[in-house]
Peer 1: 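Quick one: the structure is below, and I'll ask about it shortly.
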Amino acid sequence: MSERIQAVRGMNDILPEQAHWWERFDDTVRDWLHAYGYRTIRMPVLERTDLFVRSIGEVTDIVEKEMYTFVDQMNGESLTLRPEGTASCVRAAIEHNLLYNGPQRLCYTGPMFRHERPQKGRYRQFHQVGVEALGYAGPDIDAEHIVMCARLWRDLDIGDVALELNTLGDSAARARFRERLVSYFGRDEALLDADSKRRLHTNPLRILDSKNPQMQELIAGAPRMIDDIDDASCAHFEGVQTLLKAAGVPFTLNTRLVRGLDYYNRTVFEWVTAGLGAQGTVCAGGRYDGLVEQIGGKAAPACGFAMGVERLLELMQHAQPVAPRAIDVYLVHQGAAAAQFAFGVAEGLRDQQLAVALDCGGTSFKSQMKKADGSGARFAVIIGDDEAAAQKLTVKPLRGNGEQTRCALAQAVALIRGK
Ligand code: ATP
Ligand code: MG
């Protein structure tokens with residue numbers, strides 16, 4: 001036997017026992033996005049590296065150490081597997097002039113790639129559902145995004161997710177705040193860890209985002225951004241809060257919330273749960289008014305958010321079991337003529353929107369019936385030589401103690417549908 005080839009570390013197979021949860025999640029998400037008027041966009045998983053460096057920011061965890069970047073052997077171009085979707089979505093909107101037709105409510109879902117240390121809730125290939133509203137300036141759209149999330153948690157039957165909210169103000173406010181942070185952290189430079197020391201002069205805001213427990217006391221004493229915020233951003237933030245209160249969505253103001261990506265301004269938020277241990281953030285987002293222009297488009301305000309599908313699925317599975325979707329019919333057959341007839345019957349049943357698993361393997365009648373029982377199907381349809389000769393089907397209920405019936409295809413369909 002040859003040596004086994006295994007999956008890449010941190011990149012998971014989703015096996016059938018898990019996949020039904022993903023399907024339930026996808027179905028719910030599709031209806032939910034539709035209810036808010038968001039339209040799907042699908043972007044490639046590979047982009048030019050510059051796109052992420054320019055949008056996410058050079059001094060961020062993602063760009064500094066998490067990207068899968070390689071040189072295309074054909075033309076020497078540097079390419080990167082997307083670590084998130086916002087940059088690609090904005091790139092695509094600019095490239096195809098979507099904003100020419102007015103503001104756009106867009107959404108996408110798919111795998112993202114980050115070279116992190118794999119652990120529960122943190123993978124190297126993981127999945128996000130992302131929502132981006134491009135061309136909208138008012139606080140109503142920020143609030144819409146948050147209210148949307150609250151509805152999704154209800155639709156998915158997950159509770160215990162709390163909203164944290166902050167505002168980062170405009171770029172001048174951020175510059176003022178930056179100076180205050182440099183002087184505050186600069187006074188105690190010896191207490192900073194290596195990452196924070198490096199960031200002190202490149203991107204001191206990111207120090208607030210540090211997860212290092214040893215840094216938390218120092219961070220707790222740092223100046224608060226809220227004190228530097230400009231009036232227009234304050235009014236915007238008030239607008240968001242008023243709408244959230246009216247919608248009955250509770251939130252906590254967290255003045256340390258800065259988010260790990262550089263493109264945010266004004267509103268930022270995270271949905272956090274205590275139910276997942278250290279990886280407690282299930283959804284995060286905010287406003288990014290400068291990004292469209294920064295990656296070459298005509299300036300346009302925007303905001304959006306992304307949620308981590310694996311973390312949400314974990315919460316769904318805590319909440320309540322969901323049975324996998326069962327097939328309607330397991331089709332049992334014996335003999336050459338029966339096999340041929342059965343193949344056509346299976347297609348005929350599927351034409352009537354029934355889900356059918358056809359036994360393939362030609363084992364004994366008894367062992368096929370065992371498989372039928374194990375398949376979760378509600379009915380077995382049995383075809384032997386007699387049925388093949390008469391062009392009839394024997395329908396046998398697999399649950400309860402209903403009688404088995406021999407009949408033509410149309411009657412079988414009615415029976416299986418319960419009519
Ligand atoms: P974290 O602080 O957990 O590293 P982040 O700020 O890097 O998260 P975002 O870039 O905001 O994450 O991505 C949005 C969401 O995607 C996160 O809230 C999380 O639910 C999920 N996510 C991010 N990175 C991973 C990962 N490596 N594995 C699984 N889910 C992830
Ligand atoms: Mg991260």
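Just follow the structure's listing: the first ligand is 1, and inside any ligand the first atom is 1.
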Peer 1: Between D230 and D170 (side chain of the first, backbone of the second, donor and acceptor by atom type, cut-off under 3.5 Å), is there such a pair?
Peer 2: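 Between the backbone of D170 and the side chain of D230 there is a qualifying donor-acceptor contact (under 3.5 Å).
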Peer 1: Quick check on R259 - does any of its heavy atoms sit under 4.0 Å from an atom of ligand 1?
Peer 2: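 Heavy atoms of R259 do come under 4.0 Å of ligand 1.
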Peer 1: Please tabulate, one pair per line, all N/O donor-acceptor pairs under 3.5 Å involving side-chain atoms of residues 296-312, not counting sequence neighbours.
Peer 2:
{"residue": "E310", "atom": "OE1", "partner": "H127", "partner atom": "N", "Å": "2.9"}
{"residue": "E310", "atom": "OE2", "partner": "H127", "partner atom": "N", "Å": "3.3"}
{"residue": "E310", "atom": "OE2", "partner": "H127", "partner atom": "ND1", "Å": "2.8"}
{"residue": "R311", "atom": "NE", "partner": "G121", "partner atom": "O", "Å": "2.8"}
{"residue": "R311", "atom": "NH1", "partner": "T281", "partner atom": "O", "Å": "2.9"}
{"residue": "R311", "atom": "NH2", "partner": "G121", "partner atom": "O", "Å": "2.9"}

Peer 1: With heavy atoms of V282 as the reference, note each atom of ligand 1 found under 4.0 Å away.
Peer 2: 18 (O), 20 (O)
Peer 1: Please say whether E270 places an N or O atom under 3.5 Å from an N or O atom belonging to ligand 1.
Peer 2: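 No; the residue has no nitrogen or oxygen that sits under 3.5 Å from a nitrogen or oxygen of the ligand.
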Peer 1: Between the candidates E84, R114, M112, which shows the shortest non-hydrogen contact distance to atom 5 (P) of ligand 1?
Peer 2: R114
Peer 1: For ligand 1, does E310 get within less than 4.0 Å through its side chain, its backbone, both, or neither, judged by non-hydrogen atoms?
Peer 2: neither
Peer 1: Hey, are K197 and D193 close enough for a salt bridge, meaning a charged N less than 4.0 Å from a carboxylate O?
Peer 2: no
Peer 1: Which of the numbered atoms in ligand 1 are under 4.0 angstrom from any heavy atom belonging to K211?
Peer 2: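 Every atom of ligand 1 under 4.0 Å from some heavy atom of K211: 2 (O).
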Peer 1: With a cut-off of 4.0 Å, which atoms of ligand 1 are near a heavy atom of C283?
Peer 2: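 Those atoms are 18 (O).
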Peer 1: Would you say R266 and S233 are linked by a side-chain donor-acceptor pair, where the criterion is simply a distance under 3.5 Å?
Peer 2: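 On atom types as modelled, these side chains qualify, holding a pair under 3.5 Å.
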Peer 1: State the atoms of ligand 1, each with its element, that fall below the 4.0 Å cut-off from a heavy-atom position in T281.
Peer 2: 17 (C), 18 (O), 19 (C), 20 (O)
Peer 1: Counting from 1, what ligand 1 atoms have a heavy atom of A284 closer than 4.0 Å?
Peer 2: 11 (O)
Peer 1: For ligand 1, does R122 get within less than 4.0 Å through its side chain, its backbone, both, or neither, judged by non-hydrogen atoms?
Peer 2: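 Both parts.
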Peer 1: Who pairs with D13 by side chain to side chain contact (heavy atoms under 4.5 Å, CB included), at least two apart in sequence or on another chain?
Peer 2: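 Counting only residues at least two positions away or on another chain, D13 forms a side chain to side chain contact (heavy atoms under 4.5 Å, CB included) with A7, L15.
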Peer 1: Looking at D289 and R287, is any side-chain nitrogen of the basic one under 4.0 Å from a carboxylate oxygen of the acidic one?
Peer 2: yes
Peer 1: Is the ring pair H145/Y38 parallel, tilted or perpendicular, if the boundaries are 30 and 60 degrees?
Peer 2: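 Ring orientation, 0 to 90° scale: tilted.
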